[in-house]
Amino acid sequence: MKTIQEFIRQIGTGEAVRSLIPMGLGMSYPLLRTEGEHLLVTVFYYRSKVKPQDKTELFPPEYVLTFDFPSGRLMTFETLRVDPRCRNIAFDKPAGLFRHEAIRDLNRDQYRAKREEFYESLNGLIAYLGGEGSFSAEQEQTLSELCTLLYEPPLYPFYRTLARPFFERFVKA
Amino acid sequence: MTEDWGTMLQEGSAGSEIIPESMELVDQNGDGIADGVMFQEDTNGDGVADTVTMLSDSNGDGYIDTVGTGVDTNGDGVIDSEQLRTDTNGDGRMDTFFQQSDSDGDGVFEYASLRVDTDGDGAEDFRSSATTFDTNGDGVHDTVLYVEDADGDGTPETVRAMDEEEWASFQAGEPQEEPLPDNEGTSPEGYGEDTYGEDSYYYEGYEQYDPSQSDPSKVVGDPAGDEAYWAYQGENGPCAIYAQVMAYEAITGEDVDPKEMIEVAEENGWYNGGTSMKDIDKILDYLGAETEYGSGGDLEDLADCLEDGGRIVVAVDANEIWYSGDSEMFAPNEPNHAVTVVGIDYSGEEPMVIVNDSGIPDGHAVAVPADRFMDAWEDSGYTYVEAYA
């Protein structure tokens, strides 16, 4: 089974992103949902402006892409700047700052290690959703803790809106 | 308590004594049996009826379950405020209250609200309101602000502005897409401030190429000469346009205005606040350069191109070039920047890749350690555009 790390690398350098996403935008953490037999992975792309002393600015998402897992086929693509649902969003104003309180004490390597841990945990859920193995309450707790740790609180409203069941199950906002 | 409840009630009614002007029985469902009573009142005593009230038995059980009131508040002869109270479950208690009003007398109800006691416990637990606005001042109500507190906790869960079409769809009960939240009020203070002051952090971890500190025989390309073609892009976004222009100027010696090229790119769909990786060769092609677009490149490819008189535009994760150590950990590992490779310096223990970087002030001939450059380049799958005159 393809890992989520491989999948993210695949879509990040794949045709859809290379063609549709302007360079300079970063990919969000992935959000999962199932639709019939499909396991779908949604990510959004947003701008950031790196600044020192935890003042890096995170801007609202501009593009939302949903891919089929594990094929990586693009299922939906949305440009939020022209979406009537987003007419109240000021895309050129930051939604908040990085880094948030929960990760304030992590250094770069520790942050990356947590991210890797998160992906591994997500692989467990993906395997379970794909009918391979189980996903215990303990695993769910671990995944929830990592989601809550890593997902950026200023972007919570967007994560929540774009994949409410996943967000509400795993992020303890 | 010194006040007498009876007195209070009397005082309350004495000031608004109502004398019905007329009263009539109404057969609303046309079955020949009166099921409602309508009366008109002159509430301000000016001799003209200004309030119409209808009491009706809508379900035919013999009890009044609906009270509707229309009021002409400004005395122009037109009802401009309506209220409707309904006992929907027949328990004898009004559980639904609807009202709407036309405050400016233009014949359009600008405000409507609905309050409901859904579980019959005597407390309203659903509240909603819709207010229309003329946002552009053309005299036409064009926007509806809908507010809904569906659980009665006093805090609205839904606040949504809709245009006429959306409002009609909403009222028709068609499935609604959830609006994304706005970020007004959440932007941190001081956002957008210049970050290039004395305390600039951009220069952490790299230095600029210094010909006096290197062995010319071990330098590929002409980084010292190409410094002249560097330009600072200023705003975020047009890095790939600048990188292509810098490459083109270096291979041809011609002067090209990058701002003009941004316009060209916008017109052709190659630039939309940024450039997608697929389009990082389009301006070079437009200018007439010979290009080769590819991915999976390596240091040797760069050196070969430079030796052949070319320059290379590469897509990189700038965070990995600009920042090092733990001082800045926000690195989403995305190719987010394009730079022009103008040389490779093999003089030292570690090769240095020399780039013209339009994204930073004074970003000409920036020397990046090869391993760090490769890490940054890896995030684009080593995407490159070789450009030749």
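Per chain, numbering begins at 1; letters A, B, ... match sequence-line order.
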Answer with yes or no after comparing the ring centroid distance for [X] and [Y] against a 6.0 Å cut-off, counting only values under it.
{"X": "A:Phe77", "Y": "A:Tyr63", "value": "yes"}
{"X": "A:Tyr159", "Y": "A:Phe166", "value": "no"}
{"X": "A:Tyr151", "Y": "A:Phe170", "value": "no"}

Ion pair present between A:Arg104 and A:Glu101, side-chain N to carboxylate O less than 4.0 angstrom?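 Yes, A:Arg104 and A:Glu101 are salt-bridged.
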Heavy-atom contact with chain B under 4.5 Å, split by part of A:Arg87: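 For A:Arg87, the contact with chain B is made by the side chain alone.
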Could you look at A:Glu62 and say if it's the side chain, the backbone, both or neither that has a heavy atom under 4.5 Å from chain B?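 No part of A:Glu62 comes within 4.5 Å of chain B.
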Contact winner vs chain A - B:Ser295, B:Gly274, B:Ser276, heavy-atom pairs under 4.5 Å: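 Most heavy-atom pairs under 4.5 Å with chain A: B:Ser276.
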Please rank B:Thr383, B:Asp163, B:Asn272, B:Thr275 by heavy-atom pairs under 4.5 Å with chain A and give me the top one.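 Heavy-atom pairs under 4.5 Å are most numerous for B:Thr275.
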